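One structure is given below, encoded as structure tokens.
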Amino acid sequence: MTELESLPDAWEVWSAGDDGRLVLAYRPDVFNGEAFPAACLPTLYLTHGKRTRRPGTNPTDRTLEDDWFVTLYLEPDVSLNDTHRFETRAEGVECTLELARQFDNGEIDYRDLYQVPRERYFERLDELTGSGAES
């Protein structure tokens with residue numbers, strides 16, 4: 001996939017659907033239940049039509065909208081609140097790659113997305129992403 005050649009090494013293509021849907025996973029080698037909880041695997045979704053359910057339920061359930069949506073999940077009930085909506089898949093891929101780069105470089109402040117602070121987890125995730133955030 002040449003469109004993903006600039007994907008940071010820490011991200012892996014988890015699935016790529018024939019319909020253009022794309023799921024990327026961040027460091028599945030460490031989010032394996034030992035080093036980091038598997039349920040906390042950061043995941044980027046590029047979907048045709050807005051997702052109406054969270055990961056782990058039914059990833060094909062979506063509305064009939066024509067636009068493409070990019071969503072960053074830190075775990076099933078925690079996601080980046082920004083709405084990334086695009087008219088073309090190419091624009092969605094570009095946004096997906098940019099969010100992957102920003103996350104990998106520690107530029108996304110994930111602490112504010114959690115209702116219940118998890119300081120020890122955040123410290124470990126800071127180390128993994130190279131984030132300069134102070135706890």
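All residue numbers in this chain count up from 1 along the given sequence. Here the structure is a predicted model, which is why all the values come from computation and not from measurement.
- Scanning for salt bridge (Lys or Arg N to Asp or Glu O under 4.0 Å) contacts around D18 gives an empty result, with sequence neighbours left out.
- Around the CD atom of E107, the shell of radius 6.0 Å holds more than 12 heavy atoms that belong to other residues, nucleotides or ligands.
- Here D19 contributes atom CG and T47 contributes atom OG1; the two are 9.5 Å apart, rounded to the nearest 0.5 Å.
- In this structure E98 satisfies the salt bridge (Lys or Arg N to Asp or Glu O under 4.0 Å) test together with R101, sequence neighbours excluded.
- Counting heavy atoms from C-beta on, the side chains of P42 and Y110 never come closer than 4.5 Å.
- Taking 4.5 Å as the limit, every side-chain heavy atom of T71 sits out of range of all side-chain heavy atoms of L80.
- Taking the ring-ring contact (aromatic ring centres under 6.0 Å, His included) definition, one finds that W68 meets it with H48, sequence neighbours left out.
- Every residue two or more places apart in sequence or in another chain that forms a ring-ring contact (aromatic ring centres under 6.0 Å, His included) with F31 is listed here: F36.
- Going from atom CD1 of I108 over to atom OG of S131 covers 10.5 Å, rounded to the nearest 0.5 Å.
- Here CZ of F103 is found 8.5 Å from CG of L44. Values are rounded to the nearest 0.5 Å.
- Taking all atoms of both residues into account, the shortest heavy-atom contact from A25 to W14 is CB-CE3, 3.2 Å.
- Looking at T43, its side chain does come within 3.5 Å of a backbone N or O of L41 through a donor-acceptor pair.
- Residues forming a side chain to side chain contact (heavy atoms under 4.5 Å, CB included) with A10 (at least two apart in sequence, or on another chain): Y26, R27, D104.
- Under the 4.5 Å side-chain criterion, counting only non-hydrogen atoms from C-beta, E119 is in contact with R111.
- Partners of E91 under the salt bridge (Lys or Arg N to Asp or Glu O under 4.0 Å) rule, at least two apart in sequence or in another chain, do not exist in this structure.
- The two residues L46 and G20 come nearest to each other via the heavy atoms CD2-O, 4.2 Å.
- Residue D9 places its CG atom among 12 or fewer non-hydrogen atoms of other residues, nucleotides or ligands, all under 6.0 Å distant.
- Contact check for R21 versus V23: no side-chain heavy atoms found under the 4.5 Å cut-off.
- Rounding to the nearest 0.5 Å gives a distance of 10.5 Å between CG of N81 and CG of L72.
- Residue Y121 comes nearest to C40 through the heavy atom pair OH-CB, 3.4 Å, listed as atom of the first residue, atom of the second, then distance.
- Annotation for F86 and G92: closest pair CD1-CA, 3.7 Å, computed over non-hydrogen atoms.
- Side-chain contact between P37 and E75: absent, with no pair of heavy atoms (C-beta onward) separated by less than 4.5 Å.
- Looking at L128 and L125, their side chains come closer than 4.5 Å, going by heavy atoms from C-beta outward.
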